[in-house]
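Excluded from the calculations below are hydrogen atoms, water molecules and symmetry mates; all remaining heavy atoms, backbone and side chain alike, are included. So you know, we letter chains A, B, ... as the sequences are listed, proteins then strands, and number each from 1.
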Amino acid sequence: MNQIRSIKGTHDILPSDSQKWQQFEQIIHHVCQQFGYKEIRTPIFEETRLFSRSVGEETDIVSKEMYSWEDRDGKSLTLRPELTASVVRSFIQHNLGGQAPSQRLYYMGPLFRRERPQKGRQRQFHQFGVEAFGSENPEQDAEIIAIAWHILSECGLNNKTTLHLNSIGSPSCRKAYREALKNFIRPNLAQFSETSQKRFETNPLRILDTKAEHEQKLLEGAPTISQCYTNKDKAHFESVQHFLNAMNIPFSINEKLVRGLDYYSRTVFEFTSTALGAQDALLGGGRYDGLVETLGGKSTPGIGFAAGMERFLIAMEDAGQKSDESKIDVYFVCLDEAGLSTALSLANKLRQKGFNVVSDPLRRSIKAQLRDANKFKARFAIILGESEMENNTVTLKNLDNGEQETVTQKDIIQKMI
RNA sequence: GUGGGUGUAGCUCAACUGGUUAGAGCACCUGAUUGUGGUUCAGGAGGCUGUGGGUUCAAGUCCCAUCACUCACCCCA
């Protein structure tokens, strides 16, 4: 019989890595709180229609990557493939917009997409992200990007990534641009690939993304989105750039940046890293002013980003970031079964005083226990053997310099403090 | 969904053109006289070479299939 393994595209985060994750999560919590954002946690699964409505029926995510099933009552449910939709659903359901005109939230957690795994891409993966509701002003866009920038800095990645920035305009501008682009492409449509031809109908902006050289050539001289901006769109985009400059956040305008999901409008951005191989997007986001309304809420502007946590960790590894190991203060060496209750009790008292204390559950030799203490990088060993028990003492050994002294059991806690 | 690459110990890798009981480093365990870690030295454990077939006197090595992992396309974080 072959052994049971984790599902393709899912991974265990083992003790050797969990430290990195915890430190990374700490950075996210810390920076988001610095900006006054509050954490929101939503369920892992939702009604399928939440995603098909918001993300878009024609997107790859919805059309072929979702883990969906029919619940016993016939309702179609789905493991969340992204988090903005869930957050917006929650925002509407609990009328968070009614509690304060500006709601700023962050999240982290697992997502599920049934794709073929490769570097930086898994079927269960983790994202963190932020969402800000209520403001359509450009300073809100700048703030969102600043959070991303701060987190990247804290992770040592700010000068290892590139911020690509674009505006895809308001819906009316997008609509006009769509037509202009289609008119430009139409005469040569037959020369485009099958997928591009399909996109010509469903989402022509995506054709700009093509990597095929001959298609890039055909696109030379195509109208740009900026030609279709309304005055407001233009002013908004310029302000965003102005604020980014004021905060010394470097960016490059990328007119071909078109985010995949249907709900974006105006500002879109993406941080990429060369450490990631083909999947170079580390963090992506944008404005979604129409999404709350699409999902049945009161029209509310919003903007946010999502970032791949595994991808961050890959990039951090590549940048040579090291995580600090957790330190143990005291290793309790107990040599005698008779001393166990004393050892356990003293160890616990030390923990109550805030020390990290480990004891050996295997009743090993003193040599083995001290070796183990060393592996834990413990600063002290407290040894409790036969002679110590007789005299109500312990031996306190400093593992850095090897010095040791005898201390009464009564005084040891005080002595350590 | 499509293509390429790779499967040998927990990890990283050896084993000439097929040829005896498949090796090394790291990690792990035990010792080096009584109850003392790191360094050193000695020893030990750990593999049905991914799985199933085939060719051959002989397969880790060649062939086929299958599974897994991986990278890329697609798309995205």
Side-chain angles (χ1 to χ4, degrees), chain A residues 1-11 14 16 55-56 58-65 81-84 108-129 148 161 193-196 198-199 203 206 209-212 257-261 269-273 276-286 304-315 331 333-336 339 360 362 364-389 395-404:
Chain A
M1 205 173 65
N2 44 8
Q3 62 168 333
I4 301 175
R5 305 172 46 91
S6 60
I7 303 299
K8 183 200 284 284
T10 69
H11 293 284
L14 298 174
S16 51
V55 177
E58 295 299 330
T59 59
D60 282 12
I61 292 179
V62 171
S63 62
K64 53 190 194 200
E65 295 173 2
E82 67 118 39
L83 259 158
T84 299
M108 60 180 90
L111 304 182
F112 307 84
R113 292 182 198 171
R114 199 184 186 292
E115 299 180 273
R116 194 77 168 263
Q118 70 186 71
K119 185 170 185 173
R121 184 209 265 168
Q122 300 170 195
R123 290 184 173 183
Q124 175 173 343
F125 62 106
H126 298 77
Q127 284 188 348
F128 72 89
T161 51
S193 68
E194 205 174 307
T195 44
S196 287
K198 206 168 167 191
R199 282 188 193 137
N203 193 350
R206 297 245 46 161
D209 253 353
T210 182
K211 283 175 190 162
L257 177 63
V258 182
R259 312 237 62 246
L261 314 186
F269 60 95
E270 195 169 277
F271 281 89
T272 59
S273 158
L276 295 173
Q279 308 304 319
D280 64 350
L282 194 57
L283 179 154
F305 70 72
M309 296 180 75
E310 283 83 1
R311 290 186 185 179
F312 257 73
L313 290 166
I314 291 171
Y331 191 102
V333 177
C334 186
L335 300 176
D336 195 339
D360 179 50
L362 297 173
R364 287 184 281 187
S365 68
I366 183 167
K367 187 181 265 194
Q369 289 193 51
L370 282 169
R371 213 169 6 227
D372 200 34
N374 210 54
K375 234 176 282 167
F376 273 102
K377 300 212 167 79
R379 290 159 52 221
F380 294 97
I382 293 180
I383 302 167
L384 191 57
E386 212 173 342
S387 61
E388 285 88 348
M389 283 303 287
T395 298
L396 175 63
K397 184 180 176 86
N398 181 325
L399 292 173
D400 292 331
N401 57 22
E403 286 170 15
Q404 59 185 51

Span that lies between the [atom1] atom of [M] and that of [N], in whole angstrom:
N: rA72(B); M: rC57(B); atom1: C1'; answer: 44 Å
N: rC62(B); M: rA14(B); atom1: P; answer: 14 Å
N: rU55(B); M: rC13(B); atom1: C1'; answer: 30 Å
N: rA22(B); M: rA45(B); atom1: P; answer: 14 Å
N: rC74(B); M: rC16(B); atom1: P; answer: 40 Å
N: rA24(B); M: rG46(B); atom1: P; answer: 14 Å
N: rC63(B); M: rU2(B); atom1: C1'; answer: 25 Å
N: rC69(B); M: rA32(B); atom1: C1'; answer: 44 Å

Response to the item:
What one should report as the nearest heavy-atom pair of Arg311(A) and Leu276(A) is O-CD2, 3.4 Å
Worksheet item: If you look at every heavy atom in Asn398(A) and Asp400(A), which pair is closest and at what distance?
Response: OD1-N, 2.7 Å
Practice prompt. Check whether any side-chain heavy atom of Phe312(A) sits under 4.5 Å from a side-chain heavy atom of Leu283(A), and report yes or no.
Written response: yes
Who passes side-chain hydrogen bond (donor to acceptor under 3.5 Å, both in side chains) against [X], sequence neighbours left out?
X: Thr161(A); answer: none
X: Asp280(A); answer: none
X: Gln127(A); answer: none
X: Arg371(A); answer: none

Worksheet item: Counting N and O atoms only, with roles assigned by atom type, does the side chain of Glu310(A) sit under 3.5 Å from a partner on the main chain of His126(A), one being a donor and the other an acceptor?
Response: yes
Fill in: First of Met309(A) and Arg114(A) reached from the 5' end of RNA chain B, by closest nucleotide
Arg114(A)
Worksheet item: RNA chain B: Ser6(A) or His126(A), which has the more 5' nearest nucleotide?
Response: Ser6(A)
Worksheet, complete the sentence: Of the candidates rC69(B), rA77(B), rC76(B), the side chain of Lys8(A) sits closest to rC69(B)
Worksheet item: Think Lys64(A) has a side-chain N or O under 4.0 angstrom from the OP1 or OP2 of rG1(B)?
Response: no
Worksheet item: Taking atom CD of Glu386(A) and atom CG of Leu335(A), what is their separation to the nearest 0.5 Å?
Response: 9.5 Å
Measure the distance from [atom1] on [X] to [atom2] on [N] and round it to the nearest whole Å.
X: Phe128(A); N: rA77(B); atom1: CZ; atom2: P; answer: 13 Å
X: Leu111(A); N: rC76(B); atom1: CG; atom2: P; answer: 15 Å
X: Lys119(A); N: rC69(B); atom1: NZ; atom2: C1'; answer: 15 Å
X: Gln279(A); N: rC73(B); atom1: CD; atom2: P; answer: 7 Å

With heavy atoms under 4.0 Å as the rule, sort [X] into base, sugar-phosphate or nothing.
X: Glu310(A); answer: nothing
X: Ala306(A); answer: sugar-phosphate
X: Gly129(A); answer: nothing

At less than 3.5 Å, do the side-chain atoms of [X] and the base atoms of [N] form a donor-acceptor pair?
X: Gln118(A); N: rC74(B); answer: yes
X: Arg121(A); N: rA77(B); answer: no
X: Arg5(A); N: rC69(B); answer: no

Worksheet entry | Under 4.0 Å protein heavy-atom contact, by nucleotide of nucleotides 30-50 of chain B - B base, S sugar-phosphate only | S-B--BBBB------------
Fill in: 5'-to-3' dot-bracket of RNA chain B (Watson-Crick, G-U; under 3.5 angstrom; crossing pairs as [ ]; | other strand)
(((((((..((((.....[...)))).(((((.......))))).....(((((..]....))))))))))))....
Discussion item. Using side chain to side chain contact (heavy atoms under 4.5 Å, CB included), reason through Leu399(A) and Phe380(A) one step at a time and then give a plain yes or no.
Written reply: CA-CA 5 Å; Leu399(A) 292 173; Phe380(A) 294 97; 5.8 Å; no
Item to complete: Return yes when atom CD1 of Ile7(A) has more than 12 non-hydrogen atoms of other residues, nucleotides or ligands closer than 6.0 Å, and no otherwise.
Response: no
